[in-house]
Undergrad: 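One structure coming up, written as structure tokens, with questions to follow.
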Amino acid sequence: MVETATAEHEDFWEPIPGSLVSARAIELHGPWGHVFGPLDLDIDEGGVTVLAAQSGAARTALLMTLCGRMRLSGGSLTVLGHTNKPAKVFAESAIACVNEIDDVSPSVTVRDMVTEQLRWQSPWFKFVPRVHEDGVERMCAEVFGDVPLPALNAFVDDLPEIQQLLLRIAVANTRRPPLLVVGRMDKIADDEERLGVLERLVALGEKQSVITADVNPLLPGTGVRAVVDLHGLLGAGDVGVMTEGR
């Protein structure tokens, strides 16, 4: 369920038991103005939930907020049982394919990207050598499924778009946390590749709760558990409202 919200019912609202997300009157304001809200939002655990809304800063900010990467200006948000505790949600979630967080330099190779992630998640005193093909397979096989794995020394920017996005998802999702948030589905130009990424998210949704966003209508039979209509509730916005001027 999604609807516009006001703060007047917030005092006697309680999260829905067993839900992944329960939000009431949540809103976000940046240094330069309003980003989104107030709005209400309920998402069940498990499977893939698609937030249907136009792309832009507001949608990106909402995705980042749902996984603890941004702090709300107002309202009450419970995610994974944690109410208004973004640090705890951060620790139990992953986010991928949001350029503000995991944009990849054109000069980075698949080997570099996988190696860096392994080093990042290892203890500081442990030496982690550069990976070989088997290291890429261990990190990526579950996310890629039947999609061919990327070549070890290929530049990420030269890969087909489906491989680029699945690689970013695999790197972000190495811990397999309860919640995975994935952005920019509607930025995929090829319809078949967009459907291919969605199919892989549905497969991941068998073991995790997955939230993504898309402005495009979904075809029947995609395996998506729920579509939440946010059209008219989230504007495109400008990324400048979320960040300080530099």
Side-chain angles (χ1 to χ4, degrees), residues 1-11 13 15 20-43 49-106 108 116 120 165 168-169 171-173 177 179-188 210-215 228-246:
M1 177 189 72
V2 180
E3 59 186 35
T4 54
T6 62
E8 61 186 9
H9 61 279
E10 188 178 334
D11 291 339
W13 163 80
L20 173 70
V21 174
S22 288
R24 293 297 179 272
I26 61 171
E27 56 185 318
L28 180 67
H29 298 272
W32 306 114
H34 176 262
V35 182
F36 68 75
L39 58 84
D40 292 353
L41 178 63
D42 292 304
I43 297 175
T49 298
V50 177
L51 305 183
Q54 66 186 107
S55 63
R59 195 181 75 182
T60 298
L62 179 58
L63 289 174
M64 293 170 68
T65 299
L66 294 179
C67 60
R69 271 63 178 181
M70 297 193 78
R71 187 177 293 274
L72 286 168
S73 303
S76 183
L77 174 63
T78 300
V79 181
L80 296 168
H82 305 299
T83 300
N84 294 336
K85 295 180 178 178
K88 289 187 177 293
V89 177
F90 185 107
E92 297 181 28
S93 64
I95 185 168
C97 305
V98 174
N99 287 343
E100 288 80 1
I101 292 179
D102 68 344
D103 196 18
V104 181
S105 168
V108 171
E116 181 63 24
W120 179 258
L165 297 187
R168 289 167 69 171
I169 293 168
V171 167
N173 200 40
L179 172 60
L180 171 65
V181 172
V182 179
R184 63 158 294 171
M185 285 292 296
D186 43 21
K187 296 293 195 298
I188 305 174
V210 182
I211 299 175
T212 188
D214 201 332
V215 70
V228 180
D229 187 4
L230 290 170
H231 288 291
L233 300 179
L234 287 180
D238 185 331
V239 75
V241 302
M242 295 195 297
T243 56
E244 297 282 0
R246 297 185 184 275

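These numbers come from a predicted model, not from an experiment.
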Undergrad: Are any non-hydrogen side-chain atoms of V98 and V181 less than 4.5 angstrom apart?
TA: no
Undergrad: CZ/R69 to CG/L63 distance, rounded to the nearest 0.5 angstrom?
TA: 11.5 Å
Undergrad: So, for N173 and A94, which heavy atoms are closest and what is the spacing to 0.1 Å?
TA: OD1-CB, 4.3 Å
Undergrad: Does D40 reach the main-chain N or O of A25 with its side chain, forming a donor-acceptor pair under 3.5 Å?
TA: yes
Undergrad: Contact between L80 and K88 at the side-chain level, heavy atoms closer than 4.5 Å - yes or no?
TA: no
Undergrad: Rounded to the nearest 0.5 Å, what separation is found between the CG atom of L41 and the OG1 atom of T78?
TA: 11.5 Å
Undergrad: Just how far is it from atom CG of L165 to atom CD1 of I188, taken to the nearest 0.5 Å?
TA: 4.5 Å
Undergrad: Looking only at heavy atoms, which two atoms of N99 and R168 are closest? And how far apart?
TA: OD1-NH2, 2.9 Å
Undergrad: For a quick test of reading the model, state the closest non-hydrogen atom pair linking C67 to V89 and the distance between them.
TA: C-CG1, 3.6 Å
Undergrad: If you compare all heavy atoms of V35 against all heavy atoms of A57, which two are closest, and at what distance to 0.1 Å?
TA: CG1-O, 4.2 Å
Undergrad: So which atom in I169 and which in C97 form the shortest heavy-atom distance, rounded to 0.1 Å?
TA: CG1-SG, 3.8 Å
Undergrad: Using 0.5 Å steps for rounding, measure from the CZ atom of R71 to the CG atom of L28.
TA: 11.5 Å
Undergrad: Report the distance from atom CD1 of I101 to atom CD1 of I95, rounding to the nearest 0.5 Å.
TA: 4.0 Å
Undergrad: I need the single residue from T49, D42, V228, I211 that forms a side chain to side chain contact (heavy atoms under 4.5 Å, CB included) with V21. Which is it?
TA: I211
Undergrad: Mind checking side chain to side chain contact (heavy atoms under 4.5 Å, CB included) for V50 and listing every partner two or more places apart, or none if nothing turns up?
TA: V48, T212, D214, L218, V224, V227
Undergrad: I want to check something: taking the side chain as every heavy atom from C-beta on, are L51 and I43 in contact at a cut-off of under 4.5 Å?
TA: yes
Undergrad: Report yes if some heavy atom in the side chain of L77 is under 4.5 Å from a heavy atom in the side chain of T65; otherwise report no.
TA: yes
Undergrad: If you round to the nearest 0.5 Å, how far is CG of L66 from CE of M64?
TA: 11.5 Å
Undergrad: So which atom in F36 and which in L234 form the shortest heavy-atom distance, rounded to 0.1 Å?
TA: CB-CD2, 3.4 Å
